[in-house]
Novice: 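Encoded as structure tokens, here's the structure I'll be asking about.
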Amino acid sequence: MNIDQIKKPFNKRAFVANAMFFSGVLLPFSGYLNHRLQIEPIIGSRHFWMSVHDMAAILFTISVVIHVYYNWRSLVKYINKSKNIRISREAFSAFIVVLAIVGLFSIHAFHAS
């Protein structure tokens with residue numbers, strides 16, 4: 001029997017990882033379009049992008065939960081091993097800079113109301 005003729009079983013872990021990736025990629029794109037269309041009345045295009053964003057978020061959340069379930073042992077081992085790892089100055093600095101930029105960019109929402 002040829003190797004190409006052997007059927008591989010359906011890999012559920014790979015399916016869940018890919019579902020998580022593809023739905024996660026849709027979230028920022030559909031979120032941006034929702035933001036751009038927020039002042040429009042709820043017409044076809046706005047309703048479409050709201051539906052895409054909502055369903056992508058639901059699928060992403062479900063696939064993350066299933067992904068954690070399938071990879072629980074590996075995640076616990078990684079967490080136990082990483083207790084001895086220290087956060088680098090670069091990682092901490094990047095966290096602070098991103099937090100500051102996002103905070104400054106988002107604070108305008110409190111001035112608008």
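Please read these numbers as outputs of a predicted model, since none were measured by experiment.
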Novice: Tracing side-chain links under 4.5 Å among I, L, V, M, F, W and Y, which residues wind up in one group with Ile87?
Specialist: Phe92, Phe95, Ile96, Leu99
Novice: How close do Ile66 and Val16 get, heavy atom to heavy atom, and via which atoms?
Specialist: CG2-CG2, 3.6 Å
Novice: Side-chain donor-acceptor contacts of residues 46-57 below 3.5 Å, not counting sequence neighbours, with atom names and distances?
Specialist:
from, atom 1, to, atom 2, distance (Å)
Arg46, NE, Leu37, O, 3.4
Arg46, NH1, Glu40, O, 2.7
Ser51, OG, His47, O, 2.9
His53, ND1, Leu27, O, 3.3
His53, ND1, Ser30, OG, 2.8
His53, ND1, Gly31, N, 3.3

Novice: Does Phe15 have any side chain to side chain contact (heavy atoms under 4.5 Å, CB included) partners at least two apart in sequence or in another chain, and if so, which?
Specialist: Phe10
Novice: Same cluster for Val68 and Val65 if Ile/Leu/Val/Met/Phe/Trp/Tyr side chains link at under 4.5 Å?
Specialist: no
Novice: Can you list every pair that meets side-chain hydrogen bond (donor to acceptor under 3.5 Å, both in side chains) and has a residue in residues 61-75, with sequence neighbours left out?
Specialist: Arg13-Asn71, His67-Asn71
Novice: What residues, two or more places apart in sequence or in another chain, satisfy side chain to side chain contact (heavy atoms under 4.5 Å, CB included) together with Ser88?
Specialist: Glu90, Ala91
Novice: Once side chain to side chain contact (heavy atoms under 4.5 Å, CB included) is applied, do any residues pair with Val102, and if so which ones, sequence neighbours excluded?
Specialist: Val98, Ser106
